[in-house]
Structures are given as C-alpha cells and as structure tokens.
Amino acid sequence: MELATWILVVILSLTLLIFLIAGIVLAIKLIRLTEEAQKIVATGQDIATKADDIVDNVKGMTSVGGIVKTFANRVVENQERRYAEEDAAREAAAAAAASAAATSAKKSSAKSGAKIAKK
C-alpha cells in the first residue's frame, strides 16, 4: 500500500476511536440522567398526591356542603347530648319517686301496724 492510504487508515481509525469513546461516555451519562429523572418524577408524584389531599381537606372545610355537614353534625350531637341529659334526669326523678313511695309505704304500714297493735 501507498503511504497516503496508510495515513487515511490511521486518521479514520483514530476518528472512530474518539467517536467510540465519546459514545460510551455519553451512554453512561444518559443512564445516570435517566435515573435522576426517575427520582424527580417519583418526588413530583408524591408532591402531587400530597397537594391533592390538601385540596380535598380545604375543599371539605370551605365548601358549602362541608360547612352544612359540619353544622348538621354539631346540631345532632347537641340534641343527642340534651336528650341523654333529659333521660338521665327522668330516670333520677323516677328513682327518687320510687324511693319516696317505698319510704311512705313503709311508714304507712308501720302506722297501720301500730294502730292494729293498739286495738
């Protein structure tokens, strides 16, 4: 072969070697970039999920339906508490009345027994 052919073969071989090394380095960098992108996407999804939960909470507290629901729950709880107090008061009054009736029955039976004993 001639000298010019050898020079061209060496130049093309060196160029191919440089492109091959650059390609390998670029592939490694792209793999690392892909891993970082996956981490960023996962973090973004977590943030979006948390933001969605926050929006749902705020929506529940500020929407008319949420306010009405909260108000209705409070009214029902207050009525249940009031009815429970009234029931407890009635039971206490009934127990006191029964106790008083039992006491008066004992007294009246004692008085009748004393009257019978006098006769």
Side-chain angles (χ1 to χ4, degrees):
M1 284 203 209
E2 293 183 29
L3 184 63
T5 333
W6 280 105
I7 293 174
L8 279 175
V9 168
V10 170
I11 291 174
L12 287 175
S13 296
L14 289 176
T15 307
L16 181 62
L17 179 66
I18 291 171
F19 278 120
L20 184 63
I21 291 172
I24 292 172
V25 170
L26 182 63
I28 292 171
K29 293 289 183 183
L30 286 176
I31 290 171
R32 289 184 184 162
L33 182 65
T34 304
E35 291 172 355
E36 291 296 321
Q38 286 176 347
K39 290 178 186 176
I40 291 170
V41 167
T43 304
Q45 287 175 344
D46 289 341
I47 291 170
T49 303
K50 288 177 185 177
D52 194 32
D53 291 341
I54 291 170
V55 167
D56 287 341
N57 290 339
V58 170
K59 182 176 132 184
M61 291 187 295
T62 59
S63 69
V64 174
I67 293 170
V68 170
K69 182 179 177 182
T70 303
F71 178 73
N73 286 339
R74 286 185 183 172
V75 168
V76 168
E77 287 173 4
N78 289 339
Q79 286 180 345
E80 287 176 352
R81 187 175 348 114
R82 190 177 77 212
Y83 291 149
E85 290 171 358
E86 289 175 1
D87 289 343
R90 278 192 214 123
E91 289 174 3
S99 167
T103 305
S104 66
K106 285 181 185 178
K107 286 182 183 177
S108 66
S109 68
K111 286 182 184 177
S112 345
K115 287 183 184 178
I116 293 175
K118 285 184 180 178
K119 289 184 181 181

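Atoms considered below: every heavy atom in the structure, side chains included; atoms not considered: hydrogens, waters and symmetry mates.
- Remark: Leu16 CG to Ile21 CD1 distance equals 10.0 Å, nearest 0.5 Å.
- Separation of atoms CD1 (Ile24) and CD1 (Ile28) is listed at 7.0 Å; rounding is to 0.5 Å.
- For the residue pair Ala101 and Ser104, the shortest heavy atom distance occurs at O-OG, 2.9 Å.
- Clustering ILVMFWY residues whenever any of their side-chain heavy atoms sit less than 4.5 angstrom apart, transitively, puts Phe19 in a cluster other than the one holding Ile11.
- Looking at heavy atoms from C-beta onward, Val41 lies out of side-chain contact with Gln38 at the 4.5 angstrom threshold.
- Here the CZ-CD distance, from Arg32 to Glu36, works out to 10.0 Å after rounding to the nearest 0.5 Å.
- We find the CG-CD1 distance between Leu12 and Ile7 to be 12.0 Å, quoted to the nearest 0.5 Å.
- Ion pair Lys50/Asp53 not flagged as a salt bridge, since none of the NZ, NE, NH1 or NH2 atoms sits closer than 4.0 Å to an Asp/Glu carboxylate oxygen.
- Atom CD1 of residue Ile31 and atom CG of residue Leu26 lie 10.0 Å apart, to the nearest 0.5 angstrom.
- For the atom pair CD of Gln79 and CZ of Arg81, the computed distance is 11.0 Å after rounding to the nearest 0.5 Å.
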